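One structure below.
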Amino acid sequence: MKTVVVKCGGSVLKELSDSFFNSMKSLLSDGYKIVFVHGGGPEINAMLEKMNVKSEFKNGLRVTSKEVLEAAELVLSGSMNRKLVRLLEVRGIATIGLQSSDHGILEADFINQEELGFVGDVTSVNKTVLETLLNIGLLPVLTPIAKGPDGSVLNVNADHAAGAAAHALAAEHLLMVTDVDGVLNNGQLVPELTGSQTQELINTGVISGGMIPKVNTALKALESCGHVHIVSGKKPFYENGKWYGTQFNKEEEEN
Ligand SMILES: Nc1ncnc2c1ncn2[C@@H]1O[C@H](COP(=O)(O)OP(=O)(O)O)[C@@H](O)[C@H]1O
Ligand SMILES: CC(=O)N[C@@H](CCC(=O)OP(=O)(O)O)C(=O)O
């Protein structure tokens, strides 16, 4: 099975273009099976603001109290997931939206409960459920809320959730969809990056903020996925077998 895991950031969910969905359709007609994982960080921020609840990030991860977790679930499962499913269905793509904690599609463990609260790292992926859905022609759209220990649910960074799904499915491609064309340097798209080149851009502050978990996930995914790209959701990302954005490559083997 040729699988593509597409991670769509909250930054761009409301701005996904028709050309983006045309690229999705091209992938499907070229025989790829797609699993979608979405975020919703900006929308969770807006909800917390409305609720007058303060939220902070540590190393790109949202410190998640019980109250923050409830807001995150509400936004991700109740709003973002529903929106994406409708956007895909309306374009004739057979879609099923799921909370990743359902039947342990994603299982996670606390990273550091004292410091981060209900935040998890994925420990297992229920491949059988995902592959069964793909085999009957459905495109699963997953939230980054995973099943935690003892009946809990845990908030997982959506980049990390997508990376874990791509790894478990041995996906041919991992596509990280965001609100910029890819990794930029001085406003210019960087078309290709290796691990050491990426580290250099992090060290010099060119890559910062939300781009850091994205590039780290991209590099880690190279261990199990054939191809990894960061692309824009406002443009086409795949046409006639050609991919756009920033492509991540393994370091050249030294002779
Ligand atoms: N070098 C860089 N190239 C592109 N974007 C960068 C870079 N460094 C930081 N960013 C920021 O990362 C953002 C994408 O991360 P984030 O907002 O977390 O997106 P998402 O919601 O898609 O996960 C961009 O909009 C940009 O502001
Ligand atoms: C633990 C953690 O940080 N979870 C993220 C989940 C959503 C997410 O990652 O959304 P984006 O892809 O839009 O950033 C959060 O609460 O914001």
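We count ligands from 1, going down the list as the structure has it; atoms in each ligand are counted the same way. The analysis underlying the following values was restricted to heavy atoms, covering all of them including side chains, and did not include hydrogens, waters or symmetry mates. Because the structure is a prediction, the values reported are computed rather than measured.
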Val190 reachable from Trp243 in the ILVMFWY side-chain graph, under 4.5 Å edges: no
Rounded to the nearest 0.5 Å, what separates atom CZ in Arg62 from atom CG in Leu69? 11.0 Å
Using a plain distance cutoff, I'd like to know if Gly40 has any nitrogen or oxygen under 3.5 Å from a nitrogen or oxygen of ligand 2. yes
Could you tell me whether the side chain of Lys235 and the main chain of Tyr244 form a donor-acceptor pair under 3.5 Å? no
Please identify which atoms of ligand 2 are closer than 4.0 Å to at least one heavy atom of Asn157. 1 (C), 2 (C), 4 (N), 9 (O)
Working note: Thr64 + Asn155, criterion side chain to side chain donor-acceptor pair (under 3.5 Å); need CA distance, chi angles, decisive distance, verdict. CA-CA 7 Å; Thr64 304; Asn155 186 9; 3.2 Å; yes
Working to the nearest 0.5 angstrom, can you tell me the gap between Met80 CE and Ile44 CD1? 9.0 Å
Under a 4.0 angstrom heavy-atom cut-off, which atoms of ligand 2 come close to Val119? 1 (C)
Judged by atom type as modelled, is there a donor-acceptor pair below 3.5 Å linking the side chain of Glu251 to the main-chain atoms of Gly195? yes
Between Gly10 and ligand 2, is there a nitrogen or oxygen pair with a distance under 3.5 Å? yes
At a 4.0 Å threshold, what atoms of ligand 2 neighbour a non-hydrogen atom of Val156? 1 (C), 4 (N), 6 (C)
Decide whether an N or O pair under 3.5 Å exists between Asp159 and ligand 2. no
Just jot down the ligand 2 atoms closer than 4.0 angstrom to any heavy atom of Ala158, in number order. 8 (C), 9 (O), 12 (O)
When you group the ILVMFWY residues by side-chain heavy-atom contacts below 4.5 Å and let the links chain together, are Ile145 and Leu61 in the same group? no
Which of these passes side-chain contact (heavy atoms from CB on, under 4.5 Å) with Phe237: Ile230, Val231, Asp181? Val231
Which of the atoms of ligand 2 are close to Leu61, meaning less than 4.0 Å from one of its heavy atoms? 3 (O)
Which of the numbered atoms in ligand 2 are below 4.0 angstrom from a heavy atom of Gly41? 10 (O), 11 (P), 13 (O), 17 (O)
As a check for students: among Asn155, Asp179, Leu116, Thr143, identify the option with a heavy atom nearest to atom 1 (C) of ligand 2. Asn155
Flag, side chain of Lys7 to backbone of Ala162, donor-acceptor distance under 3.5 Å: no
Give me the nearest non-hydrogen protein atom to atom 17 (O) of ligand 2 as residue plus atom name, then the distance to 0.1 Å. Arg62 NH2, 2.9 Å
May I ask you to decide if Tyr238's main-chain N or O and Ser23's side chain share a donor-acceptor pair within less than 3.5 Å? yes
Test item: Lys2 side-chain N/O and Asp30 main-chain N/O as donor-acceptor pair under 3.5 Å: yes
Do Gly39 and ligand 2 have an N or O pair less than 3.5 Å apart? no
Evaluate Lys7 for polar contact with ligand 2, using N/O atom pairs at a separation under 3.5 Å. yes
Which class fits the ring pair His229 and His173: parallel under 30°, tilted 30 to 60°, perpendicular over 60°? parallel
How many angstroms lie between CE in Met24 and CG in Leu175, if you round to the nearest 0.5 Å? 9.0 Å
For ligand 1, would you mind listing the residues that have at least one heavy atom less than 4.0 Å away, ordered by chain and number? Lys7, Gly9, Gly10, Ser11, Val177, Thr178, Asp179, Val180, Gly182, Val183, Leu184, Val206, Ile207, Ser208, Gly210, Met211, Lys214
Based purely on interatomic distance, does Thr64 place a nitrogen or oxygen under 3.5 Å from a nitrogen or oxygen of ligand 2? no
